[in-house]
Amino acid sequence: MLAALALSACWAGSAAAQSDPAWSHSVVYTADVTGVVDGTARRAGRYLDNLDVVLDGDLAQIAGWRGARLHVAILANGGGQPNDLAGTLQGVDNIEVADPGVRLFEAWIEQSFADGRASILAGLYDVNSEFYATETSGLLIAPAFGIGSEFAATGRNGPSIFPSTALATRVRIGAPDGLHVQAAAVNAKASTFGDPDGVDTGFDDGVLWLAEGGWTGPARLALGAWRYDQKQDDIRSVGPAGDPRPATSQGVYVLGEAEIHRGAHSVTSAFVRSGLSDGDTGDFKGGWQAGLLVLHPFASRPDSAFSVGVHRGLISDKARLNARDAGMDPAKGEDGLEITYSDTIGRFTLQPDLQIVRHPGGDRAADTVVVAAVRLIIPLFEN
């Protein structure tokens, strides 16, 4: 099925690109073999994959719509779930999904103003493409390096991030360099074509509001906040009838990244991020991530890259009390270390990866888990 989808999408994209250079497309296939090699009674691996089909259009050239562009992305995910073996709270592979299938991941139109210094976007939108995002952490495979776990674990189906997005409107003011502010209003129920309920247009779960301000220069710094306008169930407190008390789900985050060294052939960058949440409506009350990315560590390998990162998910007090009631000795957090290396051979990119997770599942008594993975990336079509 994935091969058929890739071929049909590429044929359509290639035809569009040949007839009108305003269109561009890419189709990339990613396959992982990820498994536990130490720390659990069962040591095994799982194969999982991701097909990413992207089509972009310059609407000024296509339809005379000045300053507008179209973006469409389709995801097809299959395979196993390696985190079932690892038993972590934050996950070990950023292409793992609970429900395999084909989804319309993004479909939006963006209109720019003031010579590109302002824009408004509307449609199915991945908030992590612009909010709570650091480019320097992009090589790492652990999901916590994509978006903070205290935010990723919110909402009925998670916020509008991989693999299911929601209808949104985003406004941004600022050039790529210098100061910027951006805000978004997002359907609080993430559901798109390919999910059981399809695209949710009712907004019955309310709205997720996000705001971020930052500065980009020699370094990049940003401060952001998010809040659901409808209260959600408290994970511990109950009312007189035994029903969960309503609580506000909200949080803040801060991030920074910068190039810290430039050698004869290599470039080293660093990132650090931290977030806090209410701690009433989810298992996490906060967390942090930090790491390094080295591009071209070997002069003879121009496409090589090395990255190391550490992360910690801070478990909320209420989640720890719930775990203690269930007979567990809860830890204050779940910690991870990841080391990875990527290189391109011909058209193929290979990426071996090693992760060490302490207190998996938030269990103080659980053995430290060691997870090994190999990622293969194949660009099938691109223009």
Side-chain angles (χ1 to χ4, degrees), residues 50 52 73 75 77 83 88-98 103 105-106 124-166 168 170 172 182-192 208-214 220-228 249-257 271-279 281-291 293 307 309-316 333-336 338 340 355 357:
N50 175 89
D52 191 9
L75 292 179
N77 295 92
N83 197 48
T88 75
L89 291 174
Q90 301 178 86
V92 295
D93 195 305
N94 57 13
I95 65 169
E96 179 179 342
V97 297
R103 292 175 174 86
F105 182 52
E106 288 192 290
L124 293 169
Y125 171 63
D126 172 19
V127 300
N128 193 215
S129 64
E130 296 181 306
F131 291 85
Y132 211 154
T134 45
E135 184 178 350
T136 309
S137 62
L139 189 65
L140 296 164
I141 289 176
F145 294 114
I147 192 167
S149 301
E150 80 285 350
F151 184 30
T154 63
R156 181 190 296 189
N157 191 35
S160 181
I161 58 174
F162 174 91
S164 296
T165 53
R170 187 272 291 147
R172 179 183 172 95
Q182 58 187 18
V186 188
N187 191 333
K189 180 183 177 182
S191 183
T192 185
L208 166 63
W209 295 95
L210 300 101
E212 181 183 292
R220 176 173 171 266
L221 304 171
L223 173 67
W226 52 270
R227 179 187 175 97
Y228 289 87
S249 181
Q250 58 188 345
V252 296
Y253 63 87
V254 62
L255 59 87
E257 57 184 339
F271 73 91
V272 61
R273 317 181 319 175
S274 183
L276 295 173
S277 66
D278 55 276
T281 58
D283 289 337
F284 297 97
K285 63 180 180 181
W288 58 266
Q289 309 86 36
L293 171 66
S307 189
V310 291
H311 64 83
R312 178 172 175 82
L314 298 171
I315 301 172
S316 69
E334 181 183 78
D335 310 312
E338 181 175 352
T340 194
Q355 297 180 49
V357 181

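Reckoned from all heavy atoms, side chains included, excluding hydrogens, waters and symmetry mates. Because the structure is predicted, anything quoted here is derived from the model rather than measured.
- The backbone N or O of Thr88 sits less than 3.5 Å from a side-chain atom of Asn83, completing a donor-acceptor pair.
- The two atoms that bring Ala188 and Tyr228 nearest to each other are CB-CD2, 3.8 Å, heavy atoms only.
- Across Leu221 and Gly256, no two heavy atoms sit closer than the pair CD2-CA, 4.0 Å.
- Among all heavy-atom pairs drawn from Ala152 and Ile147, the shortest one is CB-CG2, 3.7 Å.
- Residue Trp209 holds its CH2 atom at 15.0 Å from CD of Gln250, rounded to the nearest 0.5 Å.
- The side-chain heavy atoms of Leu140 and Thr340, taken from C-beta on, include a pair separated by under 4.5 Å.
- At least one side-chain heavy atom of Leu210 sits under 4.5 Å from a side-chain heavy atom of Phe151.
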> What's the verdict on side-chain contact (heavy atoms from CB on, under 4.5 Å) for Val92 and Ile141, showing C-alpha distance, side-chain angles and the deciding distance?
Replying inline: CA-CA 7 Å; Val92 295; Ile141 289 176; over 6 Å; no
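- Residues that satisfy the salt bridge (charged side-chain N to carboxylate O under 4.0 Å, His left out) test with Arg103, not counting sequence neighbours, are Asp195.
- The backbone N or O of Gly309 lies less than 3.5 Å from no partner atom in the side chain of Gln289, so there is not a single donor-acceptor pair.
- For the residue pair Ser277/Glu150, the side-chain donor-acceptor check at 3.5 Å is not satisfied.
- Taking the side chain to side chain contact (heavy atoms under 4.5 Å, CB included) definition, one finds that Ala142 meets it with Phe145, His311, Glu338, Gln355, sequence neighbours left out.
- Taking OG from Ser316 and CG from Asp278, the interatomic distance works out to 8.5 Å, rounded to the nearest 0.5 Å.
- The closest side-chain heavy-atom distance from Leu255 to Arg220 is below 4.5 Å.
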>> Go through it in stages, so that I can follow the logic: the residues are Ser137 and Arg273, the test is side-chain contact (heavy atoms from CB on, under 4.5 Å), and I'd like the CA-CA distance, side-chain angles, deciding distance and then a yes or no.
In response: CA-CA 10 Å; Ser137 62; Arg273 317 181 319 175; 4.3 Å; yes
> Yes or no on side-chain contact (heavy atoms from CB on, under 4.5 Å) for Phe284 and Leu89, after CA distance, side-chain angles and deciding distance?
Replying inline: CA-CA 10 Å; Phe284 297 97; Leu89 291 174; 3.7 Å; yes
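- By the salt bridge (charged side-chain N to carboxylate O under 4.0 Å, His left out) test, Glu130 pairs with Arg170, sequence neighbours left out.
- Remark: the Glu257 side chain and the Thr134 side chain contain no N/O donor-acceptor pair separated by less than 3.5 Å.
- Here Gln90 contributes atom CD and Asp283 contributes atom CG; the two are 10.5 Å apart, rounded to the nearest 0.5 Å.
- Classification of the Tyr132-Tyr253 ring pair by plane angle, with boundaries at 30° and 60°, yields parallel.
- Between Leu75 and Phe162 there is a side-chain heavy-atom pair separated by less than 4.5 Å.
- In plain terms, the two heavy atoms of Ser249 and Thr154 that are nearest each other are OG-CG2, 4.0 Å.
- Ala190 and Pro159 make their closest contact through CB-O, 3.7 Å (heavy atoms, listed as atom of the first residue, atom of the second, distance).
- Judged purely by distance below 3.5 Å, without hydrogens or angles, the side chains of Thr165 and Asp126 never pair a donor atom with an acceptor atom.
- The side-chain heavy atoms of Phe105 and Thr192, taken from C-beta on, include no pair separated by under 4.5 Å.
- Checked by atom type and distance alone, the side chain of Asn128 pairs as donor or acceptor with a backbone atom of Gly146 at under 3.5 Å.
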